[in-house]
Amino acid sequence: MKIYNTLTQQKEEFVPIEPGKVRMYVCGLTTYDYAHIGHARMLVAFDVVVRYLRAAGYQVTYVRNITDIDDKIIKRAKENGEPFDVLTERFITFTHEDEAALGIVRPDIEPRATGYIGEIIAMTQTLIGNGSAYAADNGDVYFSVPGFANYARLSRKNPDELLSGARIEVDESKHDARDFALWKAAKAGEPGWPSPWGFGRPGWHIECSAMSTTCLGHTFDIHGGGTDLMFPHHDNEIAQSEAATGNTFVNLWMHNGPVRVNDEKMSKSLNNFFTIREVLQKYPAEVVRYFLVASHYRSFINYSEETLQIGYDALERFYHALKGLDTNAVVPAADSVYEQRFHAAMHDDFNTPEAIGVLFELVREINRLRNTDAAQATGLAALLRKLGSVLGLLQANAEEFLRKGGAVDAALVESLIAQRNAARAAKNWAEADRTRDQLKALSVVVEDKNGVTSWRIER
RNA sequence: GGCUGGAUGGCAGAGUGGCCAUGCAGUGGACUGCAACUCCACGUACGCCGGUUCGAUUCCGACUCCAGCCUCCA
């Protein structure tokens, strides 16, 4: 299996540290607001990675953290006039609901920064002890960047140019402008924990180093996150982790691309984001998920009504193929060329668009066979569901999907269909068409196939 | 300015040194009472300029444009 490694800028044959096992850490959310589609992209991208690694036979330990203490949380809690942990608790619940709706597999461990204060303090002490960090006179503790060789090698930034960069905030307490906080002293009224350096809280980057190495060991296989975290967050994680443990931190770095709106990145700071739950008001969760896996995880994707509609159309085609074929208790067709090609695509750095292309060819084969060889068609339909599950798709009941969860009165629809079929039997076409128009007024489309009339909701 | 990545047919989106992505939309045909669904067939493409090559959308170089990061961000 080949996976693109940001560290080397190329696809590499994936070789886990322990044969058959994968230890993987992904930077999760800071929980002070609703999760948006950009977060959904990260969640789905690594969800597919985990699903596929497991489908490929690996035993995966998936860790995805929650940042439940930081400056933005403190600020928002203050604005709301509530304790910070009440705020984060609420949004952790909301985020879990959104994840469940999108069918995201739960991580094996979901550490929270506030649950690892002891480990964070211990790591910070280690860094001070070996000269990699220092306690400043303002109560903060900083990591000393100049002492770390190959700083920012992940983002390939030149350390000297970083120093001259105009955007670095000058802080008198820092020995070097590039140094970053491991521990921040609490100002009056701010939450915190006791530490050797006084009452305070962790800096942003140290929590991920402490949580990942505690849960997965000093060196682990895969670390993931959004491409916007590459610098400074991931580079700082590397610096402090390797300075603390003396070991290589991570073998393989994966970064998912951003979601754009009108050619601009969707982000909190630009305030152009769509929350997951507002999008789920307009589209079924599976459509949102399809939209997110229909492009490669490393490319940027553009959020628009049109691209979501395309996803809807695509899923309708899949479910039309699945409709009427009972795949329960059916053994999926084995050794098919479709399955082989699907895996070949996924083996190549999780190429989901190509894998989906194969799935569409499978759909055509199912439709070709369904009237001539139902058994074979059903076996392929079962295969379609099996492969779809790797992407977290195509697990719904086909009729229900096509009926959009039943927003209309099914009994009324059935009775109108009975009326129409009576008229058709009597060859009263005018009456039959009139009834169909009534159905159409309810957004119901009828399909006569092999003497059976079925229906769906048109969008 | 530095570092990354991108530019593919009406739209979305893969990929490849010479032949097919795939989906939606479009056109023609089959099926249908008519439709819908489905099937068959068809069309339109690789930003621009050079180079390498028998042959380049694919490799190399320049150029143009776009985006991400360099400040909190998935």
Side-chain angles (χ1 to χ4, degrees), chain A residues 6 9 26-30 33 35-46 64 70-72 75 152 154-158 160-162 164-169 204 224-233 235 255-260 263-270 273 290-291 294-296 298-302 304 306-318 320-321 323-324 341 345 348 351-361 363-364 366-371 402 423-424 427-430 432-433 436 440 444-450 453-456 458:
Chain A
T6 309
Q9 295 179 296
V26 171
C27 288
L29 306 191
T30 302
D33 204 348
H36 59 62
I37 293 296
H39 298 121
R41 160 100 119 150
M42 173 276 290
L43 293 166
V44 169
F46 292 104
R64 192 186 61 226
D70 92 322
D71 293 357
K72 296 188 296 299
K75 180 166 178 271
L154 184 63
S155 61
R156 281 153 211 283
K157 298 197 184 302
N158 182 329
D160 296 333
E161 284 170 358
L162 283 171
S164 59
R167 294 172 110 175
I168 292 220
E169 200 179 321
W204 174 35
T227 185
D228 49 354
L229 294 183
M230 213 159 87
F231 188 89
H233 185 56
D235 269 315
H255 291 95
N256 64 276
V259 177
R260 284 198 216 163
D263 286 331
E264 264 190 334
K265 193 182 96 160
M266 180 184 294
S267 78
K268 289 284 174 72
S269 47
L270 292 169
F273 58 90
Y290 182 91
F291 159 69
S295 297
H296 187 84
R298 281 192 281 121
S299 65
F300 63 80
I301 49 176
N302 198 44
S304 71
E306 196 180 0
T307 43
L308 268 294
Q309 284 300 335
I310 285 173
Y312 217 145
D313 290 334
L315 283 177
E316 290 201 331
R317 179 164 166 78
F318 279 120
H320 266 297
K323 193 174 84 168
R341 287 171 55 206
D348 183 13
N351 193 335
T352 52
E354 189 167 320
I356 288 172
V358 174
L359 259 29
F360 276 115
E361 292 181 49
V363 162
R364 196 173 342 159
I366 291 167
N367 286 331
R368 267 196 290 252
L369 287 168
R370 64 189 311 142
N371 292 327
L402 295 169
R424 289 172 70 216
K427 296 196 188 301
N428 185 350
W429 309 128
D433 288 346
R436 186 166 60 199
K440 189 163 183 163
V444 171
V445 180
V446 293
E447 294 169 5
D448 305 322
K449 202 169 209 172
N450 301 332
T453 300
S454 62
W455 60 277
R456 66 187 163 93
E458 185 160 55

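Numbers restart at 1 for each chain; the letters A, B, ... are given by sequence-line order, proteins then strands.
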Sugar-phosphate, base or nothing in reach of A/Glu306, heavy atoms under 4.0 Å
sugar-phosphate
Would you please say whether a donor-acceptor pair under 3.5 Å links the side chains of A/Ser454 and A/Lys323?
yes
Could you tell me whether the phosphate oxygens of B/G13, OP1 or OP2, come under 4.0 Å of any side-chain nitrogen or oxygen in A/Ser295?
yes
So, under a plain 3.5 Å distance rule, would you say the side chain of A/Lys268 forms a donor-acceptor pair with the base of B/C72?
no
Side chain of A/Ile310 only, please: which of B/A74, B/A12, B/C39 is the nearest?
B/A12
Over all strands shown, is A/Lys72 touching base, sugar-phosphate only, or nothing at heavy-atom distances under 4.0 angstrom?
sugar-phosphate
Choosing from B/G33, B/A74, B/A67, which nucleotide comes nearest the side chain of A/His36?
B/A74
The side chain of A/Glu354 is closest to which nucleotide in this list: B/A74, B/U22, B/A14?
B/A14
Would you tell me if any nitrogen or oxygen in the side chain of A/Arg298 comes within less than 4.0 Å of OP1 or OP2 on B/A67?
no
If each of A/Arg370 and A/Glu361 is mapped to the nucleotide of RNA chain B with the nearest heavy atom, which maps nearer the 5' terminus, i.e. the 5' end?
A/Glu361
With a cut-off of less than 4.0 Å, is there a side-chain N or O of A/Lys265 near OP1 or OP2 of B/C69?
yes
Using OP1 and OP2 only, check whether a side-chain N or O of A/Gln9 sits under 4.0 Å from B/G5.
yes
Any chance the side chains of A/Asp235 and A/Ser155 put a donor and an acceptor closer than 3.5 Å?
yes
Considering every strand and a 4.0 Å limit on heavy-atom distances, what is the contact class for A/Val358: base, sugar-phosphate, or nothing?
nothing
May I ask you to decide if the ring planes of A/Phe360 and A/Tyr290 are parallel, tilted or perpendicular, using 30° and 60° as cut-offs?
perpendicular
Ignoring hydrogens and geometry beyond distance, is the side chain of A/Asn351 in donor-acceptor contact with the base of B/G15 at under 3.5 Å?
no
Which dot-bracket notation, 5' to 3', represents the base pairing of RNA chain B when pairs are defined as Watson-Crick or G-U with both distances under 3.5 Å, crossing pairs as [ ], and inter-strand pairs as |?
(((((((..(((.....[...))).(((((.......)))))....(.(((..]....))).))))))))....
Hey, does the side chain of A/Arg317 come within less than 4.0 Å of B/U38's phosphate (OP1/OP2), counting only N and O?
yes
Spell out yes or no: do the side chain of A/Lys157 and the base of B/C69 have one donor N/O and one acceptor N/O closer than 3.5 Å?
yes
Base of B/A36 paired with side chain of A/Arg436 (donor-acceptor, under 3.5 Å)
no
